[in-house]
Amino acid sequence: MTGRLRLALVALVALAAMAVMALQVVMAQPLPFSRALPLSDLKSGLYFSGKDVQALQADEFANPAQLWLSQGAALWGRASAVNGKACLSCHGNVSSMKGVATRYPAIDPASGRLFNLEDRINHCSTRHQQAAPMPPESDALLGLSLLVTQASKGLPLRVDIDGAARAHFQAGASLFVQRQGQLNLSCAQCHDQHFGQRLYTDILSQGQPNAHPVYRLEWQKPGSLERRLRSCYAGVRAEIPPWGATEMRQLALYLMWRAEGLPVEVPAVRK
């Protein structure tokens, strides 16, 4: 073998090795998820609501969620009976929470768990105020969740689905298209494929989460996204996960990514 041929073979081997390394790097990158609904086609649930509901949400004085917002504002400044600390003590005015609600669910760095906003509020109050945990859907937790979320009113949703959140996001994406219950239906069938069509007297929305916690007339009070998801599970006659279930947070994470760019819309009203 001549010297030139030997050098050519060495160069070819080196190029092949570099190509393999480049392919490995590409394959290691997370694949982008396709969107059934383009971002330009996203619409809040308010778009599919009747004019009476739209008017009620727009009326600052008649909007019934204002009662829970007022309670949340009172709780924000109320000192703990145990150590005298309030949310106000650490965070100052609630305006410091601007942008927070747009980022949840998110990974809690200390525990590695996927937290929704209610989890974060409860974790903060039990740890720093030494208070008892607020039960799911309690007026206190809903009031504080509404108050913190309102601080981000008008800001676009933008959750982080990379790093430790990636596996949760993938699980939520799978849940969204998984047929469940005695009716054998998935979230996608209603909210991706048939939105805008009537289901009995109601128009199916896209199932966007940008208005939660939301006051629903059928509940006569606000409710969290987790409560709404549990209602959907009941609607298709599926087994309802327990309160605080990780899969509810995974599904919420996917929904928030799916709604990326929609503005936070609180206090909101739905039928």
Side-chain angles (χ1 to χ4, degrees), residues 43-76 78 94 101 104-105 116-122 125 132-153 181 183 187 190-191 195 198-245 248-249 251-252 255-256 259 262-271:
K43 290 180 172 60
S44 166
L46 189 65
Y47 175 86
F48 301 95
S49 300
K51 292 188 181 300
D52 54 341
V53 172
Q54 294 176 359
L56 186 59
Q57 177 170 313
D59 191 326
E60 184 176 347
F61 297 99
N63 188 320
Q66 294 287 352
L67 296 172
W68 280 263
L69 268 173
S70 298
Q71 182 172 346
L75 289 171
W76 185 265
R78 184 176 299 170
V94 72
Y104 277 85
N116 61 21
L117 184 61
E118 289 79 13
D119 294 329
R120 172 54 63 198
I121 291 172
N122 245 335
S125 66
M134 291 172 276
E137 305 307 299
S138 62
D139 288 342
L141 186 54
L142 286 168
L144 282 170
S145 299
L146 270 166
L147 186 72
V148 171
T149 304
Q150 191 190 39
S152 299
K153 185 174 182 178
L183 299 187
C187 310
C190 285
H191 300 298
F195 68 85
R198 285 194 175 271
L199 181 64
Y200 301 109
T201 61
D202 295 326
I203 297 177
L204 284 170
S205 74
Q206 293 178 351
Q208 305 294 0
N210 60 310
H212 288 83
V214 64
Y215 186 97
R216 294 191 69 89
L217 297 175
E218 64 172 312
W219 296 340
Q220 290 295 289
K221 67 174 297 184
S224 67
L225 178 57
E226 183 170 2
R227 180 178 180 182
R228 187 70 190 99
L229 294 176
R230 290 167 62 85
S231 295
C232 286
Y233 270 66
V236 299
R237 309 295 188 267
E239 183 176 352
I240 303 175
W243 282 104
M248 290 288 94
R249 282 130 186 81
L251 185 53
L255 289 173
M256 293 289 275
L262 282 180
V264 171
E265 187 186 302
V266 166
V269 178
R270 297 290 184 268
K271 185 178 177 182

(message) I need the minimum non-hydrogen distance between Val148 and Ala101, along with the two atoms involved.
(response) O-CB, 4.5 Å

(request) Answer yes or no for Arg230 and Trp243: cation-pi contact, defined as NZ/CZ to six-membered ring centre under 6.0 Å and angle to ring axis within 45°. (result) yes

(request) Would you mind reporting whether Pro267 and Gln57 have side-chain heavy atoms less than 4.5 Å apart? (result) no

(request) Determine whether Ser224 and Leu229 make a side-chain contact, defined as any pair of heavy atoms from C-beta on separated by less than 4.5 Å. (result) no

(message) For Glu239, I'd like to know if atom CD has over 12 heavy atoms of other residues, nucleotides or ligands within 6.0 Å.
(response) no

(message) Quick test of your reading of the model: are Lys221 and Asp139 salt-bridged, counting only N-O distances below 4.0 Å?
(response) yes

(message) Would you say that Asn116 contacts Leu225 through its side chain, given a criterion of any heavy-atom pair below 4.5 Å between the two side chains?
(response) no

(request) Would you please name every residue forming a side-chain contact (heavy atoms from CB on, under 4.5 Å) with Ser138, sequence neighbours left out? (result) Met134, Pro135, Ala140, Leu141

(request) For the residue pair Val264 and Asn210, establish whether any side-chain heavy-atom pair is separated by less than 4.5 Å. (result) no

(message) Side chains of Arg270 and Arg228, heavy atoms from C-beta outward: is any pair under 4.5 Å?
(response) no

(request) For Phe48, check side-chain contact (heavy atoms from CB on, under 4.5 Å) against everything at least two apart and list the hits. (result) Lys43, Phe195, Ile203, Ser205, Gln206

(request) Quick one: closest heavy-atom pair of Val266 and Lys153, and the distance? (result) O-CD, 3.1 Å

(message) Is there a side-chain contact between Pro222 and Val214 in this structure, where contact means two heavy atoms from C-beta onward sitting under 4.5 Å apart?
(response) no

